[in-house]
Amino acid sequence: MRVSFRFYSVAKDLVGVSELPIELPTGTSLGAALDTLITYIPALAPLRTSSLFAVGLDYAAGSTVIKEGDEISFIPPVQGG
C-alpha cells in the first residue's frame, strides 16, 4: 500500500522535502512504518522519541494500523529562538 509522510520543521530540513510517498505492506502499524522510514533516513532516528505523529487529522500511537492513502505527519518538538 502507498502512504505519504509529511515533514515539518527540523524533520523537513533533515529529509529535504515536505512530503515523501512510501510503499508498505497492508496492515502495517504506525510504529512499523516509522521503523521503515528511519531505515531509509537514519537522521530522523533521534527525533522519533520526542516527536508527535498524526494519521490524517488525528494524533496516533505506534499501534495504529495505517491504510492505503493515509497521510502521516511527522511533527518534531517546537523550537524557538
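Count residues from 1 along the sequence. Hydrogens, waters and symmetry mates play no part in the numbers below; they use all other heavy atoms, side chains included.
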request  = Please report the closest heavy-atom contact between Val55 and Ala60, naming both atoms and the distance.
outcome  = CG2-CB, 3.7 Å
key: Ile75 side chain near Ser51 side chain, heavy-atom distance below 4.5 Å   = no
message = Distance check, rounded to the nearest 0.5 Å: Ile72 atom CD1 versus Phe7 atom CZ?
response = 9.0 Å
query = What distance separates Thr28 OG1 from Asp35 CG, expressed to the nearest 0.5 Å?
reply = 10.5 Å
Pair Phe53 and Tyr59, ring centroids less than 6.0 Å apart = no
Indicate every side-chain donor-acceptor pair of residues 14-27 with a distance under 3.5 Å to a residue at least two apart or in another chain.
from  : atom 1 : to   : atom 2 : distance (Å)
Glu19 : OE1    : Arg6 : NH1    : 2.8
Glu19 : OE2    : Ser4 : OG     : 3.3
Glu23 : OE2    : Arg2 : NH1    : 2.8

message = How long is the straight-line distance from CG of Asp70 back to CZ of Phe5, given to the nearest 0.5 Å?
response = 10.5 Å
inquiry  = Quick check on the hydrophobic clustering: are Leu37 and Met1 connected, directly or via other members, by side-chain heavy-atom contacts under 4.5 Å?
reply    = yes
ask   = Do Leu52 and Leu30 share a hydrophobic cluster, counting only Ile, Leu, Val, Met, Phe, Trp and Tyr and linking them when any side-chain heavy atoms are less than 4.5 Å apart?
value = no
ask   = How many angstroms lie between NZ in Lys12 and CZ in Phe74, if you round to the nearest 0.5 Å?
value = 15.0 Å
inquiry  = Nearest 0.5 angstrom please: Leu44 CG to Leu34 CG, how far?
reply    = 9.5 Å
ask   = Taking atom CD1 of Ile66 and atom OG1 of Thr64, what is their separation to the nearest 0.5 Å?
value = 9.5 Å
task = Find out if a path of hydrophobic residues (ILVMFWY) with successive side-chain heavy-atom gaps under 4.5 Å connects Tyr8 to Leu57.
result = no
key: 4.5 Å side-chain heavy-atom contact, Ser63 and Ser29   = no
